[in-house]
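Data block below; observations after.
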Amino acid sequence: GSLPSGLSLSTNGLISGVPAVPGSYVFEITATDAAGVATEQVSLLRVLQPASPPGLAGWWRAETNTLDSIGTNNGTWVGSAAYAAGKSGQALSLNGSSSYISVANAPALRPGSVTLEAWVKFNATNGFRAIMTKPIGNGICDSYILWFDNGTLNGSTCDSTGGGPNLTYAFNPVPGQWYHAAYTVDGTTLQQTLYVNSVAVATGVSSRAIGYDTHPMFIGSDNDNTVQ
């Protein structure tokens with residue numbers, strides 16, 4: 001047998017990494033000393049499905065794929081597929097124009113209340129950098145969007161006629177450092193909140209309920225009006 005994908009065994013016997021696929025794996029480890037004397041040990045490793053909180057609409061873990069870990073809303077690479085070392089395991093490596101993820105429109109991606117969250121690491125902090133978006137209409141509106149723009153973290157919702165006010169937080173991330181960013185909107189009260197590393201950094205009330213059409217959702221791009 002062999003180790004599950006995502007794990008590696010060093011020469012000193014240390015298993016490291018994050019397994020990508022749940023299941024039971026049987027493998028044999030052989031240790032050899034300087035005199036050439038060897039011994040073998042057959043081992044069983046059981047990898048469990050990651051636990052997820054209730055109510056998730058989608059979870060894209062990026063373990064060398066774009067699969068939805070809790071549903072059927074699998075993503076598709078637009079442009080070149082690229083992965084990098086993540087906060088835990090692997091991460092998507094996105095540039096917003098020739099390398100990003102599209103997730104087909106589905107009922108689960110059109111909730112009345114929404115939470116967007118992601119571990120993000122910026123290689124640069126200039127310009128417009130979309131994290132998660134679901135466009136609506138033919139203009140610049142998004143049903144929901146979480147994005148970074150020249151020193152601010154932002155969240156917003158729209159319907160077919162417009163949206164706002166945007167939530168904005170002055171944010172100067174250190175390039176190469178991981179941050180947990182989140183944006184929530186209550187569909188009943190229209191209360192919206194931005195979070196950085198689990199701390200609420202901006203709150204407000206949206207002017208309207210979230211509207212939807214048949215646009216896909218994007219991870220790492222906002223291309224309804226070619227802004228990426």
Side-chain angles (χ1 to χ4, degrees), residues 52-62 68-75 87 92 94 96 100-120 122 128-171 173 178-225 227-228:
S52 59
L56 285 186
W59 185 15
W60 298 272
R61 298 177 59 228
D68 176 6
S69 295
I70 56 92
T72 59
N73 298 301
N74 299 325
K87 175 68 174 177
L92 304 171
L94 310 163
Y100 61 96
I101 304 298
S102 176
V103 183
N105 178 56
L109 304 180
R110 303 192 299 267
S113 300
V114 68
T115 297
L116 310 176
E117 59 176 312
W119 282 101
V120 294
F122 301 101
F128 179 98
R129 299 175 183 273
I131 299 171
M132 298 176 71
T133 73
K134 192 177 191 305
I136 183 172
N138 297 317
I140 63 172
C141 287
D142 296 273
S143 297
Y144 46 73
I145 177 171
L146 173 63
W147 81 100
F148 176 81
D149 188 8
N150 286 310
T152 61
L153 183 69
N154 306 271
S156 183
T157 61
C158 288
D159 62 16
S160 60
T161 62
N166 300 341
L167 279 189
T168 299
Y169 169 65
F171 181 48
W178 287 100
Y179 298 88
H180 187 264
Y183 171 62
T184 67
V185 180
D186 185 302
T188 301
T189 65
L190 304 185
Q191 181 71 38
Q192 49 183 351
T193 308
L194 269 177
Y195 297 85
V196 174
N197 293 336
S198 301
V199 176
V201 295
T203 61
V205 178
S206 178
S207 62
R208 64 202 71 200
I210 306 172
Y212 293 103
D213 62 14
T214 59
H215 274 86
M217 189 192 81
F218 297 111
I219 301 172
S221 182
D222 181 21
N223 73 353
D224 60 329
N225 63 334
V227 176
Q228 303 174 329

Thr168: partners by side chain to side chain donor-acceptor pair (under 3.5 Å), with sequence neighbours left out: Asn154
Spacing of CG belonging to Leu194 relative to CG belonging to Leu116, to within rounding of 0.5 Å: 10.0 Å
Residue of the set Val185, Leu190, Asp142 for which side-chain contact (heavy atoms from CB on, under 4.5 Å) holds with Thr157: Val185
Closest heavy-atom pair and its distance - Tyr100, Phe218: CE1-CD2, 3.7 Å
Those residues that, when tested against Asn166, pass side chain to side chain donor-acceptor pair (under 3.5 Å) (two or more places apart): Ser156
Residues forming a side chain to side chain donor-acceptor pair (under 3.5 Å) with Ser143, sequence neighbours excluded: none
Pairwise salt bridge (Lys or Arg N to Asp or Glu O under 4.0 Å) hits with a residue in residues 183-205, at least two apart: none
Heavy-atom check, side chain of Thr193 versus side chain of Tyr183, under 4.5 Å: no
Side chain proximity check, Ser160 to Tyr212, heavy atoms < 4.5 angstrom: no
Any donor-acceptor N/O pair, Asp68 side chain to Asn73 backbone, under 3.5 Å: yes
Rounded distance (nearest 0.5 Å) linking atom CZ of Arg110 with atom CD1 of Ile210: 12.5 Å
Non-neighbouring partners of Leu56 that pass side-chain contact (heavy atoms from CB on, under 4.5 Å), sequence neighbours left out: Ser52, Pro53, Trp59, Ile70
For Thr133, side chain to side chain donor-acceptor pair (under 3.5 Å) partners two or more places apart: none
side-chain contact (heavy atoms from CB on, under 4.5 Å) assessment of Leu153 paired with Leu146: CA-CA 8 Å; Leu153 183 69; Leu146 173 63; 4.1 Å; yes
Straight-line distance of Ser102 OG to His215 NE2, nearest 0.5 Å: 10.5 Å
Residue list, salt bridge (Lys or Arg N to Asp or Glu O under 4.0 Å) with Asp159, at least two apart or on another chain: Arg208
Check: Pro165 and Ser207 side chains under 4.5 Å, non-hydrogen atoms: yes
Heavy-atom closest pair, residues Gln192 and Gly155: OE1-O, 4.4 Å
Listed partners of Pro173 passing side-chain contact (heavy atoms from CB on, under 4.5 Å), at least two apart: Phe122, Thr125, Phe148, Phe171, Tyr179
Shortest non-hydrogen contact from Ala57 toward Ala108: CB-O, 3.2 Å
With Met217 via side-chain contact (heavy atoms from CB on, under 4.5 Å) - residues at least two apart: Trp60, Val103, Leu109, Met132, Lys134, Tyr144, Ile219
Sequence neighbours excluded - salt bridge (Lys or Arg N to Asp or Glu O under 4.0 Å) pairs with any residue from residues 145-155: none
Partner residues of Ala118 under the side-chain contact (heavy atoms from CB on, under 4.5 Å) criterion, sequence neighbours left out: Val120, Ile131
Result block: side-chain N/O donor-acceptor pairs under 3.5 angstrom for residues 196-204, not counting sequence neighbours:
unit_1 : atom_1 : unit_2 : atom_2 : d
Asn197 : OD1    : His180 : N      : 2.9

